[in-house]
Protein chains: 4
Amino acid sequence: MKVAPDPSRRSHASRRAILAAALDLVGEVGYTKLSIEGIATAAGVGKQTIYRWWPSKGSLLFDAFLTLAGDEQDGATAGLPDTGDLETDLKLVLRTTVAELNDPRYDLPMRALHTEIVHDPALAADYAKRLDEPMRELKKERLRAAQRAGQLAEDANLDVAVDLLFGPILNRWLQRTGPLTPEYAGQVVETALRGLRPREP
Amino acid sequence: MKVAPDPSRRSHASRRAILAAALDLVGEVGYTKLSIEGIATAAGVGKQTIYRWWPSKGSLLFDAFLTLAGDEQDGATAGLPDTGDLETDLKLVLRTTVAELNDPRYDLPMRALHTEIVHDPALAADYAKRLDEPMRELKKERLRAAQRAGQLAEDANLDVAVDLLFGPILNRWLQRTGPLTPEYAGQVVETALRGLRPREP
Amino acid sequence: MKVAPDPSRRSHASRRAILAAALDLVGEVGYTKLSIEGIATAAGVGKQTIYRWWPSKGSLLFDAFLTLAGDEQDGATAGLPDTGDLETDLKLVLRTTVAELNDPRYDLPMRALHTEIVHDPALAADYAKRLDEPMRELKKERLRAAQRAGQLAEDANLDVAVDLLFGPILNRWLQRTGPLTPEYAGQVVETALRGLRPREP
Amino acid sequence: MKVAPDPSRRSHASRRAILAAALDLVGEVGYTKLSIEGIATAAGVGKQTIYRWWPSKGSLLFDAFLTLAGDEQDGATAGLPDTGDLETDLKLVLRTTVAELNDPRYDLPMRALHTEIVHDPALAADYAKRLDEPMRELKKERLRAAQRAGQLAEDANLDVAVDLLFGPILNRWLQRTGPLTPEYAGQVVETALRGLRPREP
DNA sequence: TAATAATCGAGACGGTACGTCGCGTCTTGCA
DNA sequence: TGCAAGACGCGACGTACCGTCTCGATTATTA
């Protein structure tokens, strides 16, 4: 019978080395050539140390990504910018997102993580709970503020609103169906906010 | 020296068997366990026959998917429904899309193809040209009709509009960040069309 | 810096459990699948306790075998039987040896120990000194008595004589080049004693 | 279901490289450190090519040993020397055997093969049939000639006689219970032929 | 009788090798 | 010449053990 290892005896040095090596390697060789063996070697670690603590390559990538995200933007917990002008704020956020997706340091790791999520419902659930929901809540909070300021329809479904704003960008990035530019981000915000319907006369 | 094979001598029986086996297998074992070797065995075909005609697993999946799509909805070439009511028509289309994404026969093959596209820019370009653009053109055509009918802003960017409508659905399907229901599809259409801004007084 | 452990603080319970587990395990799973890790687990003991007290798997097996032998036949120290009839006595001894080699409780442990000896000269020396030589001395003592009784050539090399008697049995047992029966043991004794040359006329 | 590979498609170059590498490696690093992985690397061959054609490390060593033996002494098929003087002939043969066992090129490979035989009854049977029995038959043939020449007891059991001659040498070699010298070989022959009993008066 | 020092169980660690699977290439013999 | 079949060199998989290394928690003297 398989028993869970005791986390209190875990080597933090190895953990950090593994996560760093995973990020480095996925950036260098890409998702397809990323191997546990390669990560272990790059981290100066035995393979078993990886298999002991992570159930799958996906969950390792997830942890690595959390580290990456946590290191740089844990100020994100502070919430989205609120200048009082929703459109300006959203454009800033989406353009930042676009810049991040175009940043080579993030591009390959995020594609790798995305792929694992797509094929692993358990990981998807983990991702949804630990990354997507908190960030989504921040976004919805900003939209709620906009509602209070009368800049957004009272009855708008905020989850749908968030999807409307971020879905197009993520898809274009993933599928490369068009150039992922700040201009595109701006158009998405404008179109989503203005709506597609013709103006009321 | 490598010479290109002569397509006129190609065995159609083998081609069909390979594409069918690829679809069957990806549905049975999923993308991660899908192997060329397995497809060849299941198709009763030599491995070389696959390597001779397809440059990558992704392009094989793409072909297989074209077959799948072609068999069932080649009437799609006929264009989107146009009852005169844009919202109704779009809801129908998006709900059909949702049903398709939820159909087990399509789910795994599409995830597999998506993954290949995400990691293979050449395949992404092929996909964009041969599948995305034609379908996008049909959608834009319907939106243009709506513009002519005054149901859509004259200055709306139609590419952005299409992304706004389909991006959220595809993302929710891929990342499982929420249930992918017809209701959700309806809300996306409504929100996109109505816009997020408060009504003009 | 490495210091020698203090034998006075050694846990006798652990020692006994390890030796017993080693014998049990080698009997159950055979030499090839015998592992220090397995012995430690079966003995309810930490691995380090084994590595602390034994320099190699071979020396552990040697100790275990000494225990096994000591428990049952420490009367062997008393010397070989001496009824006055050398041939009868030798046949008894060799048949006993054959029975022991055929005993499942001894077979696998002895094969394991033999293998370690074959590949480890240091262990071989230890074995020669602590097991082979004392037993060999007992055998030679019996042969010397036979010499005094005029049943054995005065100038016979007793070491060679012992090898001549036991070598064939051990080899047949190890290599399974033929059935290891009491009859075979008897034939070996007869042939060795009688010699191969024809009777003087 | 596992099917046997087709021997007609086997690569002879790989086969030879593997057998040679096995012999070289076992001579260099010894039995304990001999690994399939190491052999494959040294032979410039994939591991699977070894696993495809040999069921165990032992059977590979056996094949390698057959090659070694076949290359050098396939003249052995011609039979043992027969000068008319049995004792001289046997001493020559046993001294040659001793020299061979002391030859570093043979020592480690033979120990390795011996170990595999000891722990693998199937391999032991193969060894008995393909190596031990033919060589034993040659020896018995020489002894039969001696019987016809009146140099050996008519009723001597030839199998036992062969064991009596070779068993002691093999044992001393394996267990290192004493120096393995030509003198020892001579004494074994003399003692075995003369017998241990005193001369008839 | 407490302090103290070593062994003890447990098991994580960096490694090596295992035996298997799949890759993409190459060769063979049939149609 | 295309094909089914499959051997090949290669690389990675996930597992088993190696021998070393911490960890508290017994123990069994020594102060």
Side-chain angles (χ1 to χ4, degrees), chain A residues 2-3 5-11 13-14 17 33-41 43-53 56-57, chain B residues 2-3 5-11 13-14 17 33-41 43-53 55-57, chain C residues 2-3 5-11 13-15 17 33-41 43-53 55-57, chain D residues 2-3 5-11 13-14 17 32-41 43-53 56-57:
Chain A
K2 195 75 144 273
V3 286
D6 176 356
S8 75
R9 315 201 53 181
R10 184 164 189 180
S11 156
S14 292
K33 316 242 149 174
L34 184 69
S35 66
I36 300 279
E37 197 135 346
I39 295 170
T41 302
V45 140
K47 278 199 285 181
Q48 201 58 46
T49 302
I50 297 181
Y51 286 109
R52 180 153 37 228
W53 300 110
S56 67
K57 195 155 71 178
Chain B
K2 193 76 146 272
V3 285
D6 177 356
S8 74
R9 310 203 55 167
R10 182 167 191 181
S11 156
S14 290
K33 317 244 152 180
L34 184 69
S35 68
I36 301 279
E37 202 136 337
I39 295 170
T41 303
V45 137
K47 281 201 287 178
Q48 199 58 36
T49 304
I50 297 182
Y51 286 109
R52 191 171 2 228
W53 299 111
S56 67
K57 194 156 73 179
Chain C
K2 191 76 144 275
V3 286
D6 177 355
S8 75
R9 312 203 54 165
R10 182 167 188 182
S11 157
S14 290
R15 195 191 112 97
K33 316 245 150 175
L34 184 71
S35 67
I36 300 278
E37 202 136 337
I39 294 170
T41 304
V45 137
K47 282 200 288 178
Q48 196 64 259
T49 304
I50 296 181
Y51 286 108
R52 187 163 18 235
W53 299 110
S56 68
K57 194 158 71 178
Chain D
K2 194 76 143 273
V3 287
D6 177 355
S8 75
R9 316 201 54 179
R10 183 165 189 180
S11 158
S14 291
T32 351
K33 316 242 150 173
L34 184 69
S35 67
I36 300 278
E37 197 135 345
I39 295 170
T41 303
V45 140
K47 278 199 285 181
Q48 200 59 44
T49 302
I50 297 182
Y51 286 108
R52 181 153 37 227
W53 299 110
S56 68
K57 196 158 68 179

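First the proteins, then the strands, lettered A, B, ... as listed; each starts at 1.
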(request) Return the set of residues passing salt bridge (Lys or Arg N to Asp or Glu O under 4.0 Å) with D/Lys57 (not counting sequence neighbours), or none when no residue passes. (result) none

(request) Only counting residues at least two apart or in another chain, list the ones meeting side chain to side chain contact (heavy atoms under 4.5 Å, CB included) with C/Ala43. (result)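 With sequence neighbours excluded, C/Ala43 shows a side chain to side chain contact (heavy atoms under 4.5 Å, CB included) to C/Ala17, C/Ile18, C/Ala21, C/Val45, given in chain and number order.
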
(message) Once side chain to side chain contact (heavy atoms under 4.5 Å, CB included) is applied, do any residues pair with D/Arg9, and if so which ones, sequence neighbours excluded?
(response)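 By the side chain to side chain contact (heavy atoms under 4.5 Å, CB included) rule, D/Arg9 matches D/Asp6.
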
(message) Counting primed atoms plus P, OP1 and OP2 as sugar-phosphate and everything else as base, spell out the protein contacts along nucleotides 13-18 of chain E at 4.0 Å heavy-atom distance: B, S or - for each nucleotide, 5' to 3'.
(response) BBB-BB

Throw together a table of side-chain donor-acceptor distances under 3.5 angstrom for residues 32-41 of chain D, partners on residues two or more places apart or in other chains.
| residue | atom | partner | partner atom | Å |
| --- | --- | --- | --- | --- |
| D/Ser35 | OG | D/Gly38 | N | 2.8 |
| D/Glu37 | OE1 | D/Lys47 | NZ | 3.2 |
| D/Thr41 | OG1 | D/Glu37 | O | 3.0 |

(request) Round to the nearest Å and state the distance from B/Ile50 atom CD1 to F/dA4 atom C1'. (result)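 After rounding, the reported distance stands at 12 Å.
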
(request) Using the test side chain to side chain donor-acceptor pair (under 3.5 Å), find all partners of C/Ser14 that sit at least two apart in sequence or belong to another chain. (result)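 By the side chain to side chain donor-acceptor pair (under 3.5 Å) rule, C/Ser14 matches C/Ser11.
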
